[in-house]
Colleague: 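Take a look at this one; I'll ask things after.
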Amino acid sequence: MKVLITQSALDGRTDELASEINATYGEEPVVLLCVLKGAYIFAADLARRLTCPVVVDFIQVSSYGDSTVSSGVVQLKRDHDVNIEGRHTLVVEDIVDSGLTLEHLLAMLRTRRPRSLRTVAMLSKARARGFEAPLDWVGFEIENQFVVGYGLDHAENYRNLPYIGLMEE
Ligand code: 5GP
């Protein structure tokens with residue numbers, strides 16, 4: 001496994017994102033919607049750095065199965081329990097690739113009329129793929145390559161790696 005983003009780079013960037021997010025919400029309560037499974041470590045690290053009142057909930061969508069390319073079909077596997085109507089809602093994503101998952105998710109969440117709907121992704125390939133993702137905050141823009149670790153899997157493996165890695169061919 002080749003290390004693409006080290007543990008300390010992830011920590012440092014999460015500090016920066018958290019201070020921007022803290023400045024945005026101030027004392028206002030926020031619902032953190034962690035997109036399972038890939039965002040679980042990032043969401044946990046981010047949540048512990050937030051100073052506003054936080055409610056954490058989870059949503060699960062699936063588009064990849066065990067493949068490394070998107071099937072183009074976004075399926076809702078688990079919905080959140082907490083009512084987001086009239087509440088500041090922050091979607092915590094692992095990685096944006098084609099942007100399809102996020103687009104689908106935001107369209108669905110908007111119909112539930114949150115007070116505000118913002119998004120943070122640990123990683124994005126949007127720039128490399130030639131589009132602008134609807135993200136308020138991005139940890140790192142990466143090239144169009146398949147990465148694992150820090151929550152991200154390949155066929156359910158490697159989620160526990162404390163860094164972002166590139167699988168050797
Ligand atoms: P999109 O809908 O933007 O094409 O894909 C987003 C989802 O695909 C992510 O939430 C993640 O689950 C998965 N994904 C996209 N790129 C990668 C990658 O490089 N590695 C891993 N492990 N998952 C990825």
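Atoms within a ligand are numbered from 1 in the order they appear, just like the ligands themselves.
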Colleague: Near G99, which atoms of ligand 1 are under 4.0 Å from a heavy atom of that residue?
Modeller: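 Per the distance check, 1 (P), 3 (O), 4 (O).
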Colleague: Please tell me if the side chains of I21 and V30 come closer than 4.5 Å, counting only heavy atoms from C-beta onward.
Modeller: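 When only atoms from C-beta onward are counted, V30 and I21 do not touch, as no gap falls below 4.5 Å.
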Colleague: Does some non-hydrogen atom of E93 fall short of 4.0 Å from ligand 1?
Modeller: yes
Colleague: Check the angle between the aromatic planes of W137 and Y25 and answer parallel, tilted or perpendicular using the 30° and 60° thresholds.
Modeller: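 Judged by the thresholds at 30° and 60°, the geometry between W137 and Y25 is tilted.
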Colleague: With respect to L32, which candidate in V120, L50, V82, D57 satisfies the side-chain contact (heavy atoms from CB on, under 4.5 Å) definition?
Modeller: L50
Colleague: List the steps and the verdict of side chain to side chain contact (heavy atoms under 4.5 Å, CB included) for F42 and L10.
Modeller: CA-CA 9 Å; F42 176 53; L10 287 164; over 6 Å; no
Colleague: Nearest non-hydrogen atom to atom 14 (N) of ligand 1 belongs to which of D97, V61, V148, I95?
Modeller: I95
Colleague: Hey, which atoms in ligand 1 end up nearer than 4.0 Å to a heavy atom of Q145?
Modeller: 19 (O)
Colleague: Using a plain distance cutoff, I'd like to know if V96 has any nitrogen or oxygen under 3.5 Å from a nitrogen or oxygen of ligand 1.
Modeller: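 No; the residue has no nitrogen or oxygen that sits under 3.5 Å from a nitrogen or oxygen of the ligand.
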Colleague: For atom 1 (P) of ligand 1, state which one of S62, A39, S98 supplies the nearest heavy atom.
Modeller: S98
Colleague: With a cut-off of 4.0 Å, which atoms of ligand 1 are near a heavy atom of L100?
Modeller: 2 (O), 3 (O)
Colleague: If hydrophobic clusters are built by linking Ile, Leu, Val, Met, Phe, Trp and Tyr wherever their side-chain heavy atoms come under 4.5 Å apart, do F140 and Y40 end up in the same one?
Modeller: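 Yes, because F140 and Y40 connect within a single hydrophobic cluster, where side-chain heavy atoms sit under 4.5 Å apart.
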Colleague: Based purely on interatomic distance, does L152 place a nitrogen or oxygen under 3.5 Å from a nitrogen or oxygen of ligand 1?
Modeller: no
Colleague: Is ligand 1 less than 4.0 angstrom away from at least one heavy atom of E103?
Modeller: no
Colleague: Is there a path of hydrophobic side-chain contacts, each under 4.5 Å between heavy atoms of I/L/V/M/F/W/Y residues, joining Y158 to I5?
Modeller: no
Colleague: Taking the side chain as every heavy atom from C-beta outward, state whether V55 and P29 have any atom pair closer than 4.5 Å.
Modeller: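 Not in contact.
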Colleague: Could you point out which residue of D15, T14, N22 forms a side-chain hydrogen bond (donor to acceptor under 3.5 Å, both in side chains) with R49?
Modeller: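 Running side-chain hydrogen bond (donor to acceptor under 3.5 Å, both in side chains) over D15, T14, N22 with R49 returns exactly one hit, D15.
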Colleague: Check ligand 1 against K125 and write out every atom of the ligand that is under 4.0 Å from a heavy-atom position of the residue.
Modeller: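 With K125 as reference, the close atoms of ligand 1 come out as 16 (N), 17 (C), 18 (C), 19 (O).
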Colleague: At a 4.0 Å threshold, what atoms of ligand 1 neighbour a non-hydrogen atom of D153?
Modeller: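 Checking each atom against D153, I get 21 (C), 22 (N).
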